Amino acid sequence: MNERPTERPTERSSVQSIDRAVAILRCFDAHHAALGITDIARLTGLSTSTAHRLLGSMTVNRLLKQGPDKRYRPGPLLVQLGRSGAVPSGLREAARPYMVALRDEVDETVGLHELLATYERTVVDQVESRQELRRHYTDLGVPIALTHGAPGKAMLCMLPWARQQAALARGIEPVTDKTVTDPVELAAELAVARGRGWAGSDAERTPGIRAVAAPVFDHTGSVVGALGLSVPTVRMDGARTGQLGARAAQVAWEVSEALGATRELVDQRRLLAEGPGPGA
């Protein structure tokens, strides 16, 4: 019987050191831009001596820097990486390679939608299907109500509860004979979309097109856009809708991670989007 190779003590020690260094880096955020060694030991659960040793190594490697107040701050190497272009800084830049890969995988048009400051959305990029019958966005840059179509629903369902209620109370203008105009019905759809991670629409904004879309989040956990697939109805039955919806959610999360999102932060935002519970 072949024995599994065992990890050598030096390898285990190296991996543990990396894990601990990452834990230290996670201590820094907008509210904790500078930390002392005692703070870091408390936040990570490390002993002061272990924290001191790791902080020394991270400072030498420019992951951290120590100021005249003896407190530690993110170091120049992190700043250089952030500004070098190696880390995507915008939605389109982060999403583009994932959009191309998804189009190549399913051969349907992939659209990228951005949340505007007006709480509308706009199409900012697309990667078209290679099929003869396909979706082609002609309204890039045009503001669109969040209550219309799968991408809008994907974003709206993750906005704060009060913002959702304001959008529903504004009234929903029908743009096709399938547009969902009943705010109660749409609110129920938003709850479903929030729970499963993606929204769908059936010719609700564009006749003959079914769509699925999932929200994209930034480093604060806030929704900033949506990644969606638009498919002619002749190629989009219920089973494929579910398959592509789940796939869109997976890819949208990969884009979110490229923008710095974490599950913990997004879950906090989700709680704000769920609104008051029964009897509240």
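The structure displayed is predicted, hence computed values, not measured ones. The figures here come from the full heavy-atom set of this structure, side chains too, leaving out hydrogens, waters and symmetry mates.
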Is there a path of hydrophobic side-chain contacts, each under 4.5 Å between heavy atoms, that joins [X] and [Y]?
{"X": "Val100", "Y": "Leu91", "value": "yes"}
{"X": "Val231", "Y": "Val212", "value": "yes"}
{"X": "Tyr119", "Y": "Val224", "value": "no"}
{"X": "Met58", "Y": "Phe28", "value": "yes"}
{"X": "Leu63", "Y": "Ile24", "value": "yes"}

Within 45° of the six-membered ring axis of Trp253 and under 6.0 Å from that ring's centre, is NZ or CZ of Arg263 located there?
-> yes
Establish, yes or no, whether the cationic atom of Arg163 lies under 6.0 Å from the six-membered ring centre of Trp161 and within 45° of the ring axis.
-> no
Euclidean distance, [Y] [atom2] relative to [X] [atom1], rounded to 0.5 Å:
{"X": "Leu54", "Y": "Gln16", "atom1": "CG", "atom2": "CD", "result": "9.0 Å"}
{"X": "Arg73", "Y": "Thr59", "atom1": "CZ", "atom2": "OG1", "result": "11.5 Å"}
{"X": "Leu272", "Y": "Ser222", "atom1": "CG", "atom2": "OG", "result": "9.0 Å"}
{"X": "Gln268", "Y": "Thr220", "atom1": "CD", "atom2": "OG1", "result": "10.0 Å"}
{"X": "Leu244", "Y": "Trp198", "atom1": "CG", "atom2": "CH2", "result": "9.0 Å"}
{"X": "Lys178", "Y": "Ser201", "atom1": "NZ", "atom2": "OG", "result": "10.5 Å"}

Stepwise side chain to side chain contact (heavy atoms under 4.5 Å, CB included) test for Val266 and Met158 = CA-CA 9 Å; Val266 171; Met158 288 301 296; 4.2 Å; yes
With a 3.5 Å distance limit and no angle check, can you tell me whether [X] reaches the backbone of [Y] through a side-chain donor-acceptor pair?
{"X": "Arg235", "Y": "Leu133", "answer": "yes"}
{"X": "Ser256", "Y": "Val216", "answer": "no"}
{"X": "Thr179", "Y": "Thr176", "answer": "yes"}
{"X": "Thr181", "Y": "Ile172", "answer": "no"}
{"X": "Asp39", "Y": "Leu35", "answer": "no"}
{"X": "Lys153", "Y": "Gly200", "answer": "yes"}
{"X": "Glu257", "Y": "Ala261", "answer": "no"}
{"X": "Asp182", "Y": "Val184", "answer": "yes"}

Side chains of [X] and [Y]: closer than 4.5 Å at any heavy-atom pair?
{"X": "Ile40", "Y": "Leu43", "result": "no"}
{"X": "Thr241", "Y": "Asp202", "result": "no"}
{"X": "Leu229", "Y": "Leu102", "result": "yes"}
{"X": "Leu156", "Y": "Leu190", "result": "yes"}

Please give me the minimum heavy-atom distance between [X] and [Y], naming the atom from each residue.
{"X": "Leu168", "Y": "Ala187", "answer": "CD1-CB, 3.8 Å"}
{"X": "Tyr98", "Y": "Ala94", "answer": "CD1-O, 3.2 Å"}
{"X": "Ala273", "Y": "Leu159", "answer": "CB-O, 3.2 Å"}
{"X": "Ala249", "Y": "Gly197", "answer": "CB-O, 3.7 Å"}
{"X": "Ala33", "Y": "Pro74", "answer": "O-CD, 3.6 Å"}
{"X": "Pro215", "Y": "Ala154", "answer": "CB-O, 3.5 Å"}

Extract all donor-acceptor atom pairs below 3.5 Å that involve side chains of residues 138-149 and protein atoms in other chains or at least two apart in sequence.
from: Asp139; atom 1: OD2; to: Arg205; atom 2: NH1; distance (Å): 3.3
from: Asp139; atom 1: OD2; to: Arg205; atom 2: NH2; distance (Å): 3.0
from: His148; atom 1: NE2; to: Glu173; atom 2: O; distance (Å): 2.6

Would the number of heavy atoms belonging to other residues, nucleotides or ligands and lying under 6.0 Å from CZ of Arg62 be above 12?
-> yes
[X] and [Y]: side-chain donor and acceptor closer than 3.5 Å?
{"X": "Gln243", "Y": "Arg240", "answer": "no"}
{"X": "Ser49", "Y": "Ser47", "answer": "yes"}
{"X": "Thr109", "Y": "Arg103", "answer": "no"}

Salt bridge or not between [X] and [Y]? Use side-chain N to carboxylate O under 4.0 Å.
{"X": "Glu108", "Y": "Arg135", "answer": "no"}
{"X": "Asp267", "Y": "Arg270", "answer": "yes"}
{"X": "Arg130", "Y": "Asp107", "answer": "no"}
{"X": "Arg121", "Y": "Glu114", "answer": "no"}

Are Arg194 and Glu189 close enough, and set up right, to give a salt bridge (charged side-chain N to carboxylate O under 4.0 Å, His left out), and what steps lead you there?
-> CA-CA 9 Å; Arg194 188 164 50 247; Glu189 284 195 30; over 6 Å; no
Go through the steps for Leu25 and Leu64 under the test side chain to side chain contact (heavy atoms under 4.5 Å, CB included), then give the verdict.
-> CA-CA 8 Å; Leu25 291 175; Leu64 297 175; 4.0 Å; yes
Going through the checks in order, is the side-chain hydrogen bond (donor to acceptor under 3.5 Å, both in side chains) test met by Thr50 and Arg20?
-> CA-CA 9 Å; Thr50 299; Arg20 288 173 170 176; 4.7 Å; no
Apply side chain to side chain contact (heavy atoms under 4.5 Å, CB included) to the pair Leu112 and Met99, showing each step before the final yes or no.
-> CA-CA 8 Å; Leu112 182 66; Met99 295 172 66; 3.8 Å; yes
Decide side chain to side chain contact (heavy atoms under 4.5 Å, CB included) for Leu55 and Ile37; before the verdict, give the C-alpha distance in whole Å, the side-chain angles of both, and the deciding distance to 0.1 Å.
-> CA-CA 8 Å; Leu55 289 168; Ile37 187 171; 3.8 Å; yes
Which residues pass the side-chain hydrogen bond (donor to acceptor under 3.5 Å, both in side chains) test with Arg134, sequence neighbours left out?
-> Glu128
Would His32 and Tyr72 count as a close aromatic pair, with their ring centres under 6.0 Å?
-> no
